[in-house]
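Below, chain A is the first sequence line, B the second, and so on; all start at residue 1. Being a predicted model, the structure only gives us computed values, none of them experimental.
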Amino acid sequence: MTAYYLTTAIDYANGDPHLGHAFEKIGADVIARYHRMRGDDVWFLIGMDEHGQKVAQTAADRGLTPQALVDEVAATFQAMWRRLDISNDQFIRTTEPAHKNGVQALIERIFEKSPSDFYEKSYEGHYCVGCEAFKQENEVVDGRCVLHPTRVLEWVEERNWFFRLSKYADFLKSHFEAHPDFLQPSSRRNEILSLINQGLDDVSASRARLAWGVPFPRPTSDGEVQTTYVWFDALPNYLTATGFPNAEPRQQWPAQLHVIGKDITRFHSVIWPAMLEAAGLPLPERIWAHGFVNLGGERFSKSAGVKLELGEAIDRFGADSFRFFLMREIPFDTDGNFSWERFEERYTSDLANGFGNLASRTIAMIEKYRGGVVPTVVRNDAYAADARDITAYAEAMDGHMLHLALEAVFRNVDSGNEYVTSQAPWKLAKDPALATALDETLATLARKLAIQTVLLAPYMPRKAQSLWEQLGGPGIVSDQRFASLDSLDPSGWTMTKGAPLFPRDGPPAA
RNA sequence: GGCAGGGUAGCUCAGCUGGUUAGAGCACGGCACUCAUAAUGCCGGGGUCGCGGGUUCGAGUCCCGCCCCUGCUACCA
């Protein structure tokens with residue numbers, strides 16, 4: 001079996017899960033389920049980034065220890081992922097001892113393999129006591145922090161460990177050229193490439209003032225033990241999750257895919273690969289930077305007030321429909337918009353009237369005209385069209401264009417509904433001489449429906465399984481393999497019509 | 001400011017190296033059908049292709065200028 005290790009960004013434990021988090025996890029989950037149904041040996045990692053100043057501050061504000069706070073937040077996130085049927089195999093938290101050990105081991109390994117890559121350097125700048133952070137020039141007005149104008153900024157000098165990122169510009173450049181798929185979509189790739197071409201500055205690897213984090217394994221020359229700065233703490237989670245530095249990892253590094261948001265592309269495609277190269281470790285095969293979900297036309301942001309109650313959204317149409325809507329409506333390579341109006345349109349046209357109704361009418365006719373048993377027939381012209389849709393789906397999936405894969409499925413659904421009208425099985429049923437034509441029509445429809453159910457399984461695992469049972473398919477739907485989908489033959493299956501999968505008035509409350 | 005990508009029907013978008021009446025889905029209107037979740041199918045209305053010049057027999061598609069939007073331009077994550 002081909003190993004397929006994929007990850008999402010780990011979420012910062014300083015707030016509740018929101019639409020943006022959900023979009024990324026759902027997208028990655030679709031990819032994970034797709035690969036399982038390709039027969040790959042999938043390991044799907046998600047998790048939380050639990051260190052940093054903001055976490056410590058929020059905990060202090062609430063009178064909690066940082067650990068108590070992140071325990072609570074992590075539980076909230078995990079409950080949300082269970083609710084959305086995210087099929088992660090592992091949930092890593094950066095406060096886990098194994099992760100902290102792994103971070104220190106990685107840093108030590110860089111000291112060992114690339115001895116000159118870490119060095120001490122003094123950093124000086126405007127330090128805002130209110131923010132507890134250094135401020136950039138553009139955040140300083142009249143010598144004061146724009147967020148805390150009542151306080152005077154201090155000019156502070158701090159001695160930190162630095163990582164020689166500048167050294168890796170040429171390495172990264174040639175890696176990007178040798179691996180065109182390393183970072184996608186290409187718009188992100190071009191941006192990062194131009195950034196690398198401008199030359200890279202070194203980055204700090206430790207902080208003196210940061211208390212909540214992983215101790216940097218080597219003290220500075222004056223004996224101070226500092227705290228590992230964010231990229232050397234958070235990014236290695238993908239590696240430490242495999243058991244690093246232990247010899248028997250649960251899942252083999254490198255990852256085949258990092259799914260991330262476009263805002264953290266630079267960290268993942270520049271700093272992280274440089275760190276790995278410095279440590280003499282292989283790079284991830286691919287990085288996919290998805291876009292953002294806007295809400296009602298407005299910019300959705302973690303900090304701004306524009307948000308959507310995830311729990312309510314899921315209640316309204318159910319987890320599967322919510323997953324479907326996001327994947328159908330919002331392109332996975334760029335930004336998209338979420339609106340309830342659009343959700344209702346999609347639900348009604350695609351799910352209730354399109355797919356749901358095709359399932360309903362197909363099963364009803366097979367029950368009515370053939371006692372529920374799918375007739376056995378020879379392949380006809382419809383199969384070639386189905387094969388084209390299956391191919392388009394796979395190509396879109398392999399390119400992580402999840403919205404295009406759904407487009408292919410719904411082309412097939414539409415072709416099914418057109419086929420029913422053109423064949424008019426209710427007319428064929430009236431004339432016993434046309435029994436063979438009716439058999440062929442019903443079998444063709446049954447097969448289309450079965451294929452669609454399999455194709456939709458990564459997106460709507462529960463609905464797909466539920467329909468698979470109505471179709472009388474063997475085993476569970478996720479046991480089906482895409483490679484053999486074209487030869488799927490539902491002849492002889494016994495179909496049983498159940499309640500509408502996607503009721504037109506929306507699902508019953510709850 | 002620099003670099004990159006966009007501005008095409010109410011909405012989301014497709015239109016490859018320039019070529020007959022500019023396309024799709026959804027939404028909207030009419031007709032047909034009845035297996036189905038009053039679902040489906042067919043037909044149709046609807047666009048100064050951001051603005052202004054230019055090249056060409058011919059430009060949404062090329063060139064120049066302008067307007068607007070988005071992303072990147074490195075230490076919150």
Side-chain angles (χ1 to χ4, degrees), chain A residues 9-15 49 51-55 57 123 125 131-136 139 160 162-163 165 185-205 207 229-235 261-267 270-271 289 291-292 294 297 299 302-303 328-331 334-337 339 341-342 344-346 348-369 403 407 410-411 414 416-429 438 441-442 445 497 499-505:
Chain A
I10 49 175
D11 300 313
Y12 196 50
N14 191 37
D49 175 12
H51 289 133
Q53 197 64 53
K54 283 185 185 172
V55 167
Q57 187 59 52
Y123 177 85
C131 295
E132 297 192 58
F134 285 94
K135 309 304 287 187
Q136 299 297 298
E139 297 172 294
N160 297 131
F162 270 71
F163 174 64
L165 180 65
S186 57
S187 53
R188 300 296 149 209
R189 180 175 190 273
N190 293 339
E191 285 173 3
I192 294 298
L193 220 36
S194 77
L195 182 84
I196 294 171
N197 285 331
Q198 287 167 33
L200 302 172
D201 294 338
D202 293 344
V203 294
S204 55
R207 278 297 147 85
Y229 196 52
V230 53
W231 19 76
F232 278 86
D233 178 351
L235 291 167
K262 65 182 184 181
D263 55 331
I264 52 176
T265 308
R266 198 179 62 239
F267 307 134
V270 176
I271 299 177
F292 291 147
N294 296 320
R299 177 67 168 276
K302 297 174 186 178
S303 48
R328 172 78 155 135
E329 184 70 9
I330 298 163
T334 179
D335 294 358
N337 193 45
S339 78
E341 186 186 13
R342 198 70 177 155
E344 285 165 19
E345 283 175 6
R346 282 291 188 201
T348 303
S349 67
D350 287 350
L351 296 180
N353 297 352
F355 180 60
N357 185 51
L358 179 63
S360 193
R361 64 199 310 205
T362 297
I363 298 171
M365 287 189 284
I366 288 170
E367 283 191 328
K368 187 168 179 177
Y369 302 135
H403 56 299
E407 214 172 274
F410 279 81
R411 268 202 299 280
D414 290 343
N417 277 319
E418 287 161 23
Y419 182 74
V420 175
T421 304
S422 69
Q423 294 298 111
W426 48 92
K427 285 182 184 165
L428 302 176
L438 181 59
T441 299
L442 297 178
L445 285 170
K497 192 171 175 185
L501 278 180
F502 304 101
R504 193 143 196 293
D505 302 323

Subject >> Any Lys427(A) side-chain N or O less than 4.0 Å from OP1/OP2 of C35(B) >> reply: no
Original post:
Once you round it to whole Å, what is the distance between P of C75(B) and CG of Asp49(A)?
Top reply: 17 Å
Subject >> Gap in Å between the two C1' atoms, one belonging to G47(B) and one to U12(B), rounded >> reply: 15 Å
Original post:
Reckon Arg188(A) has a side-chain N or O less than 4.0 Å from the OP1 or OP2 of G71(B)?
Top reply: no
**OP:** Evaluate the side-chain proximity of Leu445(A) to Gln423(A): yes if any heavy-atom separation is below 4.5 Å, no if none is.
**Re:** no
Subject >> Distance in angstrom units between Gln53(A) CD and C76(B) P, rounded >> reply: 12 Å
**OP:** Answer with base, sugar-phosphate or nothing: what part of the nucleic acid does Ser360(A) contact at a heavy-atom distance below 4.0 Å?
**Re:** base
Original post:
Could you state the CG-P distance from Leu195(A) to C75(B), rounded to the nearest angstrom?
Top reply: 11 Å
**OP:** Provide the distance between the two P atoms, one in G19(B) and one in C63(B), to the nearest whole Å.
**Re:** 15 Å
Subject >> Whole-Å distance separating the CZ atom of Arg342(A) from the P atom of C11(B) >> reply: 11 Å
Original post:
Touch check for Ser204(A), heavy atoms < 4.0 angstrom, all strands: base, sugar-phosphate only, or nothing?
Top reply: base
Original post:
Starting at CG of Asn353(A) and ending at P of A39(B), how long is that distance when rounded to a whole Å?
Top reply: 6 Å
Original post:
Which part of the nucleic acid does Ala364(A) contact within heavy-atom distance under 4.0 Å: base, sugar-phosphate only, or nothing?
Top reply: sugar-phosphate
Original post:
When we call it a touch if two heavy atoms are under 4.0 Å apart, what does Leu200(A) touch: a base, just sugar-phosphate, or nothing?
Top reply: base
Original post:
In which stems does RNA chain B show up, taking only runs of three or more Watson-Crick or G-U wobble pairs whose two distances fall under 3.5 Å?
Top reply: B:1-7 with B:67-73, B:10-13 with B:23-26, B:28-32 with B:40-44, B:50-54 with B:62-66
Original post:
Quick one: is A77(B) close enough that its OP1 or OP2 comes under 4.0 Å of any side-chain N or O from Tyr229(A)?
Top reply: yes
**OP:** Would you indicate what Gly52(A) reaches in the nucleic acid, counting non-hydrogen atoms under 4.0 angstrom: base, sugar-phosphate, or nothing?
**Re:** nothing
